[in-house]
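Below, chain A is the first sequence line, B the second, and so on; all start at residue 1.
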2 protein chains.
Amino acid sequence: MSVDEESRPARAKRLPREVRERQILDAAVTVFSQHGYHNASMDEISDVAGVSKPMIYAYLGHKEDLFAACIRREASQLMAAIADGVHAEAPPDMQLWHGLRAFFRFVGDQRESWRVLHRQATSQGGPFSEELLAMRTRAITLVDALLVRSATSRGHTATQSTEALAAALVGAGESLADWWLDHPDVPEKVVASWLMNLVWMGLGNLVDGAVWTPTGE
Amino acid sequence: MSVDEESRPARAKRLPREVRERQILDAAVTVFSQHGYHNASMDEISDVAGVSKPMIYAYLGHKEDLFAACIRREASQLMAAIADGVHAEAPPDMQLWHGLRAFFRFVGDQRESWRVLHRQATSQGGPFSEELLAMRTRAITLVDALLVRSATSRGHTATQSTEALAAALVGAGESLADWWLDHPDVPEKVVASWLMNLVWMGLGNLVDGAVWTPTGE
DNA sequence: CCCGTAGCCTACCGATCAGTAGGTACGGGA
DNA sequence: TCCCGTACCTACTGATCGGTAGGCTACGGG
């Protein structure tokens, strides 16, 4: 009512769906990582994204769908980053080493992504947990495959224990990544080497002063 | 309105506060472990506990307080169980071994407790996360102390890495415990030995067929 | 120059639920 | 027997928040 036409603030131009979807996903990752799934409100996400709520529903669907979409995107990036760092022909210890480094690099670079992937990962309470569980299972399967290859290449037969060990290893990585978030002054390479030494050498050797060092970096 | 006195169902007697508090906490642990913090409703908790909602507020306070009380109780039990299993004079590997066994025994026996402690542990979104974080930190500190004792007894000086390693170890335990919940057919001792071998011997030795075995059980 | 479609919004609904007001019954002490 | 405190309840409110109805506006094609 009686607002001068010229005084209107410059409105964001109309943008193609593709672009808006990315904006919304970015905002969603930010908000989810800050407040967690339940305490994140669609209103805040729409606010951060710079669009109105119905746009989110039109493009990405309900809250659960939106969350699942975030998980899928971020998890894919994480997986890709790790797969990128690992060379399938390298010896097992080097594969593990480069996998760990790629993982920690990702966590360091994409803190928000990591938070939304992990902090929510274990918390149950929604149907969306399927999505997260599936992603985590994929990670464990990946590590499991590495272990199985290592074992069989030495002439051992694979056992159920490799899957369990893979789960333990993934958990160790997650937990250490969390610790790292609280100690950002430690370089990525150092953190990775700590974990590498733990899982490859074992505490039994570490307390005796032995260390694992990468060969042919 | 015209309900026969005699037809009333047998009402639970009036009980001392102490007893009701326990009933409420038990119910809360059950419900929280099933639905998670956010999806657990005070109505359901009061229902399961067999009391009315105002009783909960009178005795245990608001939802967050109630949750914190659950965490405190269950975490104390877990800590006590572990401390009970470990003998401070034993060599480091045996301390770790018995600690792990006590931990997995607890998880196996008190699944609900474990769920409410861990599944919610990493999920942020409430002020109550402080309570959980504090408990987890206590656990890490405990393991850290063990590592430091091991290292210094061998003449090494303690470094920041022990705390990180402790975090990794705790994470590995948590993750493996979760895996175990999905594979209940595996005996507790076996799971514990897998983790013990991983962290004490290291993968480097394991793929070569070496194993750690407890001495003087 | 019109019309369809796709981008985009304001303003609202309805359900769920934490938290409470205000009352009833029971028991023990005087 | 009266009284008072404590155990305990039913029934409500207030707010938050997911989700939607309906409409407005720019733009491209005929």
CZ (B:Arg17) with more than 12 external heavy atoms under 6.0 Å:
yes
Rounded distance (Å) that lies between atom [atom2] of [N] and atom [atom1] of [X]:
{"X": "B:Asp65", "N": "C:dA18", "atom1": "CG", "atom2": "P", "result": "14 Å"}
{"X": "A:Ile56", "N": "C:dG7", "atom1": "CD1", "atom2": "C1'", "result": "15 Å"}
{"X": "A:Glu44", "N": "D:dC17", "atom1": "CD", "atom2": "C1'", "result": "13 Å"}
{"X": "B:Ile45", "N": "C:dG19", "atom1": "CD1", "atom2": "C1'", "result": "14 Å"}
{"X": "A:Gln23", "N": "C:dG7", "atom1": "CD", "atom2": "P", "result": "13 Å"}
{"X": "A:Met55", "N": "D:dC24", "atom1": "CE", "atom2": "P", "result": "18 Å"}
{"X": "B:Arg17", "N": "D:dG5", "atom1": "CZ", "atom2": "P", "result": "17 Å"}
{"X": "A:Glu18", "N": "C:dA6", "atom1": "CD", "atom2": "C1'", "result": "15 Å"}

Quick one: label A:Ser41 by what it contacts on the DNA or RNA (base, sugar-phosphate, nothing), any heavy atom closer than 4.0 Å.
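It contacts sugar-phosphate atoms only.
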Just to be sure I understand the rule, does B:Met42 reach a base, reach only the sugar-phosphate, or reach nothing, if contact means heavy atoms closer than 4.0 Å?
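The answer is sugar-phosphate, as B:Met42 gets under 4.0 Å only of primed atoms, P, OP1 or OP2.
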Does the ring center of B:Phe104 lie less than 6.0 Å from the ring center of B:Trp114?
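Distance test on ring centres: not under 6.0 Å, no.
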Proximity of B:Trp97 and B:Trp212 rings by center, below 6.0 Å
yes
If you only use heavy atoms from C-beta on, which nucleotide in [options] is closest to the side chain of [X]?
{"X": "B:Tyr57", "options": "C:dG7, C:dG19, D:dC8", "answer": "C:dG19"}
{"X": "B:Pro54", "options": "D:dT20, C:dA21, D:dC8", "answer": "C:dA21"}
{"X": "A:Asp43", "options": "C:dG7, C:dT10, D:dG18", "answer": "D:dG18"}
{"X": "A:Lys53", "options": "C:dA18, D:dT20, C:dG7", "answer": "D:dT20"}

Comparing A:His62 and B:Pro16 on DNA chain D - which has the more 5′ nearest nucleotide:
B:Pro16
Is the positively charged end of A:Lys63 above the ring of A:Phe32, judged by distance under 6.0 angstrom from the centroid and angle within 45° of the axis?
no
Has B:Arg20 got a side-chain N or O lying under 4.0 Å from the OP1 or OP2 atom of D:dA7?
no
According to a strict under-4.0 Å criterion, is B:Arg14 in side-chain N/O contact with OP1 or OP2 of C:dA25?
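False: B:Arg14 side-chain N/O out of range (4.0 Å or more) of C:dA25 OP1/OP2.
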Taking A:Asp26 first and then A:Arg73, would you say they form a salt bridge - that is, a charged N and a carboxylate O separated by under 4.0 Å?
yes
